[in-house]
Amino acid sequence: MTRLAQTAGLNDVQREILATVRDFVDKEIIPVATGLEHRDEYPTEIVEGLKELGLFGLMIPEEYGGLGESLLTYALCVEEIARGWMSVSGIINTHFIVAYMLKQHGTQEQKDTFLPRMALGEVRGAFSMSEPALGSDVSAISSKGVKDGEEYVLNGQKMWLTNGGTSTLVAVLARSDEGHPEGTAPHKSMTTFLVEKEPGFGEVRPGLTIPGKIDKMGYKGVDTTELIMDDLRIPANRVLGGTTGRGFYQMMDGVEVGRVNVAARGCGVAQRAFELGVSYAQQRHTFGKPIAQHQAIQFKLAEMATKVEAAHAMMVNAARKKDSGERNDLEAGMAKYLASEYCKEVVEDAFRIHGGYGFSKEYEIERLYREAPMLLIGEGTAEIQKMIIGRRLLEEYRIQG
Ligand SMILES: Cc1cc2nc3c(=O)[nH]c(=O)nc-3n(C[C@H](O)[C@H](O)[C@H](O)COP(=O)(O)OP(=O)(O)OC[C@H]3O[C@@H](n4cnc5c(N)ncnc54)[C@H](O)[C@@H]3O)c2cc1C
């Protein structure tokens, strides 16, 4: 059952972590995922289990109480979790991005304050770039932070916050014109503000409202929300890294590792779809034999498995590149693009193999069919990935003279 998506060269610790996560996924996530998803219910017990496994601190350095693991280990865990239920991987993904941004860009005081509690899952992270009028075009952000003494006053509306309700620390990207006069390039006049808040909905802190959950076609269980800032006052020491004007770069750095993470999710969902398809194809009989014995279905299985392998290999390559300290935007963009497209195709093929039953909510593939499209959008659409890939290729292959 596990011939596909193997990863060569893992050490003993990585193998042990992955075996533990896979066991947790098989026993604690897969049996309950579809029921919880259909009820749009938050997976509280699963989240407690993830905390016990230390997954909220997987990449947080040991000096802050985390496991200090690599991006590769993290991505392979995410792949396993998404194989069980993509929403659960969404719960740790934004937390991971915020922890990563703090580790890379936070002041010492910010790291000391947040990382130990994030490693335990006591502080839970969300990140917020998108607004009602923009997602891809981050440079058009209109939310604003204006300095007032030792504080910033934030105003604006944010959209599509994964974990907007359950999180207690939101990294919010806003324009800040202090020190950045009119006419400064958009990406140089943005700041990441670390906004602490109570979990829940309504006015969760003076000046900050989380209106409620957005009703989605899939990716249920995990809460996705808006965030409204109305004269929200943030102390100046909650500017990520202590200096304004760096927010765009900090967020792009976070999103780059997030892209590996979304690729890993695509790999996990595709693997599960393949497992469901190959199993059903051997049980369902038509014209006197299992449908797996019809060449058309075997070809589908062959195509699905090849896509699972290819996406996994690209995702692992992108993670390893980042772990080696090299820039990985090209590889991460390619991995995210390919894994999300292949995921959608593998899920669709598994759905077709199920015939009419794939349309029934009794079958797990119905859930996967509604989940896969989210991966085409989150952390940058296919078009945005292709823009990144194309630009980088032209840098790498620039002709001289
Ligand atoms: C369930 C869910 C969870 C999310 N979670 C978060 C989160 O936690 N934090 C957060 O900040 N955001 C989050 N997002 C937002 C997500 O990142 C955006 O939806 C995404 O970046 C696309 O932006 P958009 O929806 O505004 O689409 P648009 O940017 O309006 O794009 C619309 C279409 O136009 C295409 N397009 C846009 N520009 C170009 C171009 N230059 N060339 C060619 N095609 C183009 C796009 O590819 C797309 O097909 C989430 C979204 C969803 C659905």
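For ligands, and for the atoms within them, numbers begin at 1 and follow the listed sequence.
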Could you check whether [atom] has a protein contact, counting only heavy atoms that fall below 4.0 angstrom?
{"atom": "atom 28 (P) of ligand 1", "value": "yes"}
{"atom": "atom 34 (O) of ligand 1", "value": "no"}
{"atom": "atom 20 (C) of ligand 1", "value": "yes"}
{"atom": "atom 8 (O) of ligand 1", "value": "yes"}

So, is [X] polar-close to ligand 1, with some N/O to N/O distance under 3.5 Å?
{"X": "Asp137", "result": "no"}
{"X": "Ser136", "result": "yes"}
{"X": "Ser130", "result": "yes"}

Can you find a pair of side-chain heavy atoms, one from Val98 and one from Phe114, that are under 4.5 Å apart?
-> no
Would you mind reporting whether Val239 and Arg246 have side-chain heavy atoms less than 4.5 Å apart?
-> no
Any idea which protein heavy atom is nearest [atom], and the distance to it?
{"atom": "atom 39 (C) of ligand 1", "answer": "Ile384 CD1, 4.4 Å"}
{"atom": "atom 24 (P) of ligand 1", "answer": "Gly135 CA, 3.8 Å"}
{"atom": "atom 50 (C) of ligand 1", "answer": "Trp160 CB, 3.4 Å"}

Residue portion contacting ligand 1 (non-hydrogen atoms closer than 4.0 Å) for Thr381 | side chain
Region of Asn163 engaging ligand 1 - heavy atom pairs below 4.0 Å = neither
Compare [options] and give the one whose heavy atom is closest to [atom].
{"atom": "atom 45 (C) of ligand 1", "options": "Glu379, Glu383, Met374, Met251", "value": "Glu383"}
{"atom": "atom 5 (N) of ligand 1", "options": "Leu376, Thr162, Ile141", "value": "Thr162"}
{"atom": "atom 11 (O) of ligand 1", "options": "Glu131, Met159, Lys158, Met129", "value": "Met129"}

Can you name the atoms of ligand 1, numbered from 1 with element, that are less than 4.0 Å from a heavy atom of [X]?
{"X": "Ile377", "value": "19 (O), 20 (C)"}
{"X": "Leu134", "value": "26 (O)"}
{"X": "Met387", "value": "40 (C), 41 (N), 42 (N)"}

Sole residue of Gln385, Lys344, Lys336 in side-chain contact (heavy atoms from CB on, under 4.5 Å) with Leu376 = Lys344
Among Val78, Ile30, Val269, Ile29, which one satisfies side-chain contact (heavy atoms from CB on, under 4.5 Å) with Arg83?
-> Ile30
Out of curiosity, Leu10 CG to Thr73 OG1, how far, rounded to the nearest 0.5 Å?
-> 7.5 Å
Can you list the residues that meet the ring pair (Phe, Tyr, Trp, His ring centres under 6.0 Å) rule with Phe56, with sequence neighbours excluded?
-> His95
Between [Y] and [X], does any NZ, NE, NH1 or NH2 come within less than 4.0 Å of an OD or OE carboxylate oxygen?
{"X": "Lys158", "Y": "Glu131", "answer": "yes"}
{"X": "Asp323", "Y": "Arg320", "answer": "no"}
{"X": "Glu256", "Y": "Lys322", "answer": "yes"}

Given the rule in the side-chain contact (heavy atoms from CB on, under 4.5 Å) test, do His294 and Thr286 qualify, once you have shown the distances and angles that lead to the verdict?
-> CA-CA 9 Å; His294 297 301; Thr286 68; 2.9 Å; yes
Positive for side chain to side chain donor-acceptor pair (under 3.5 Å) with Thr113, one of Glu109, Arg117, Lys111 | Glu109
